[in-house]
Amino acid sequence: LITFNTVMHIYGACGRLSDAKSTFELMLAEGLVPDVVSYNTLVGVYSSAGLYKEAESAMTLMKEAGHRPNLVTYTSLVNAYGKAGQPEKAEVMFGMIQRHSLKPNTVSYNALINAYSSSGNFDDAMRVYGVMKSKRVCPNSVTICTLLTASGKGGYMERTYEILSEAASHNIKLNTALCNAALTALIGGGAYDSADKLFVTMQRDGILADAVTYVLLIKKAGMVDDHMQAQKLFDELCAGAAGLTVEACSAMIDVYAKKGMPSEAQVVYEKMKMLGCRPNVVTFTSLLYAYGAKGLLKEAVSVFEDMVTEGIVPDIVAYTALMSTFNRNGHPEKAVELATSLQHKEVSYNEVFCMELLAACSKLMDWRTALDTFQIMQDAGLVATHRMVHHLLLVIGKSGRVEEMLKLFFKVKEMGLEPT
RNA sequence: CGCACGUCACAUUAGAGGU
């Protein structure tokens with residue numbers, strides 16, 4: 001039984017949801033009776049993916065089998081809603097914990113705080129933290145880490161130190177993950193000097209920098225235009241004990257991409273392969289961008305092809321980067337063609353992708369495709385933004401279709417998007 | 001014999017668009 005539970009968990013951890021589910025079914029077929037942990041694992045697998053509907057039906061399955069959901073089950077569901085970007089529902093689910101006469105513990109509170117953090121709602125994250133303290137539930141280092149992330153995402157970088165002092169007052173020792181979270185908040189808020197200072201403090205206090213720390217520092221170096229420093233850090237990581245990661249390599253390549261140094265990016269790419277670090281879709285996208293931004297269309301396209309040859313499935317970001325390369329290098333028709341060929345594939349459009357497609361339409365004065373794009377967006381349930389609509393109006397207008405343009409203008413207004 | 005010990009929930013890092 002424990003073996004099956006563990007296997008399910010492993011599948012879930014690497015995103016292979018259907019394998020996790022079939023393991024559960026296999027378990028039944030083998031005549032084993034799933035226990036509370038089995039069901040919780042199943043709920044947890046779906047929750048981490050933000051699939052709250054599936055998580056809820058797993059809980060229903062659990063009840064039908066005669067098990068009562070426990071604190072772990074409910075906390076998973078709080079997490080499910082958090083991951084789905086629905087903190088209000090997470091809060092409701094949190095309330096269910098008490099309604100079933102269970103007592104939320106530190107992990108439950110952390111999950112709820114993180115639900116608010118993920119959606120950028122720092123105030124509510126802090127509010128829940130306050131409730132947690134008033135109920136005498138002890139915060140731990142995960143709590144502090146989550147709050148730091150919340151402050152960064154919500155744009156309250158200046159509260160970093162205040163939160164760190166919360167850690168001190170609860171006798172929570174700083175660790176690497178905590179410092180990384182603080183560094184992220186500081187760097188995200190542009191407080192580069194403070195970030196440097198914190199890094200010095202880390203070293204002084206013997207808190208080891210890990211691969212995540214290096215990613216942050218490499219990124220920061222890129223942001224202050226110091227690619228030499230970024231490379232130095234990268235070399236340090238390659239040589240050091242922390243271990244090289246794809247994230248670090250991708251970050252390094254991205255620094256060069258943004259600096260317009262594709263050959264240096266290529267060198268990093270070669271080096272990572274030599275060191276046995278496998279490039280992923282992010283790595284390839286950054287490399288592609290490096291070439292595309294420099295006007296090297298052929299090279300960019302060949303990076304894309306290499307990626308596919310390597311058996312890596314391009315995602316929506318990779319496709320968008322390729323489209324943008326076409327657009328920037330005088331081939332908007334290829335961008336449109338690419339988008340058209342995607343209609344049969346398993347990629348879901350997002351707003352960025354649609355904007356890039358619109359940019360192509362605009363260059364081609366292709367108002368029909370532009371309107372189609374808008375329709376596809378609606379069908380996909382994406383909300384129309386002002387930027388999107390402005391772009392669209394311009395394309396149609398510039399194509400000389402005043403009637404269609406006006407029609408759209410009023411249609412959008414009716415949809416509830418007030419003209420600015 | 002006792003004790004300890006295995007499976008479930010929470011946090012930090014990389015890529016694309018700008019009227």
Side-chain angles (χ1 to χ4, degrees), chain A residues 1-10 12 35-45 47-48 70-80 82 105-115 117-118 140-150 152 175-185 187 210-219 245-255 257-258 280-290 292 315-325 327 350-359 386-394 420:
Chain A
L1 180 65
I2 294 178
T3 310
F4 274 96
N5 290 349
T6 308
V7 171
M8 249 201 300
H9 182 232
I10 292 170
D35 65 359
V36 184
V37 175
S38 316
Y39 286 102
N40 279 346
T41 304
L42 198 59
V43 173
V45 162
S47 297
S48 310
N70 62 17
L71 186 58
V72 173
T73 322
Y74 290 114
T75 304
S76 274
L77 280 159
V78 171
N79 187 32
N105 62 10
T106 305
V107 176
S108 323
Y109 276 100
N110 289 349
L112 183 58
I113 293 173
N114 188 45
S117 166
S118 310
N140 62 13
S141 65
V142 175
T143 318
I144 303 298
C145 191
T146 310
L147 289 173
L148 286 167
T149 305
N175 60 23
T176 306
L178 256 167
C179 292
N180 288 344
L183 281 173
T184 306
I187 294 172
D210 65 3
V212 175
T213 319
Y214 276 96
V215 170
L216 298 172
L217 296 174
I218 289 171
K219 190 179 169 180
T245 61
V246 221
E247 286 88 346
C249 299
S250 304
M252 189 62 237
I253 290 175
D254 185 53
V255 167
K258 296 218 160 79
N280 64 13
V281 61
V282 177
T283 321
F284 279 107
T285 305
S286 301
L287 191 58
L288 183 158
Y289 184 82
D315 62 8
I316 190 70
V317 178
Y319 282 118
T320 309
L322 183 58
M323 283 207 330
S324 142
T325 299
N327 274 340
N350 63 15
E351 198 213 332
V352 181
F353 179 89
C354 293
M355 284 298 287
E356 194 62 58
L357 180 52
L358 273 190
H386 278 114
R387 223 167 61 202
M388 185 86 190
V389 172
H390 293 173
H391 218 113
L392 200 47
L393 289 170
L394 268 175
T420 61

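With sequence neighbours excluded, the residues satisfying side-chain hydrogen bond (donor to acceptor under 3.5 Å, both in side chains) with A:T283 are A:S250, A:N280. Residues that satisfy the side-chain hydrogen bond (donor to acceptor under 3.5 Å, both in side chains) test with A:S324, not counting sequence neighbours, are A:R328. Among residues two or more places apart in sequence or in another chain, the ring pair (Phe, Tyr, Trp, His ring centres under 6.0 Å) test is passed with A:Y214 by none. Shown here are the ring pair (Phe, Tyr, Trp, His ring centres under 6.0 Å) partners of A:Y39, two or more places apart in sequence or in another chain: A:F24, A:H67. For the side-chain hydrogen bond (donor to acceptor under 3.5 Å, both in side chains) test, residues two or more places apart in sequence or in another chain that qualify with A:D254 are A:K258.
Put simply, CZ on A:F4 is 17 Å from C1' on B:C8, counting in whole angstrom units. The nearest whole Å value for the distance from the CG atom in A:L178 to the P atom in B:C10 is 17 Å. The CG-C1' distance, from A:L112 to B:C10, rounds to 11 Å in whole Å. When rounded to the nearest whole Å, the span between CG of A:L77 and C1' of B:A9 equals 10 Å. Following rounding to the nearest Å, A:N40 (CG) and B:C10 (C1') show an atom-to-atom distance of 14 Å. Remark: P of B:U12 and CD1 of A:I218 are 19 Å apart, rounded to the nearest angstrom. In this structure, A:Y74 places its OH atom 18 Å from C1' of B:C10, rounding to the nearest Å. A straight line from CE of A:M8 to P of B:A9 spans 11 Å, rounded to a whole angstrom.
If you check the side chains of A:N180 and A:T213, you find a donor sitting under 3.5 Å from an acceptor.
On a pure distance criterion of 3.5 Å, no polar donor-acceptor pair joins the side chain of A:N175 and the base of B:A11.
A sub-4.0 Å separation between OP1 or OP2 of B:C8 and a side-chain N or O of A:N5 is absent. Between A:N180 and B:U13, a side-chain N or O to OP1/OP2 separation shorter than 4.0 Å is absent.
The distance from the OH atom of A:Y74 to the CG atom of A:N70 is 9.0 Å, given to the nearest 0.5 Å.
Among the protein residues, A:S76 comes within range of the sugar-phosphate backbone only, with heavy atoms under 4.0 Å from sugar or phosphate atoms but none that close to a base. Residue-level contact check: A:S48 touches the backbone only, with heavy atoms under 4.0 Å from sugar-phosphate atoms and none from bases.
Checking B:U7, B:U12, B:A9 against every side-chain atom of A:L71, the shortest atom distance belongs to B:A9.
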### Message
Return a single string for nucleotides 14-19 of chain B, one symbol per nucleotide in 5' to 3' order, where B is base contact, S is sugar-phosphate-only contact and - is none, cutoff 4.0 angstrom on heavy atoms.
### Response
BBBBBB

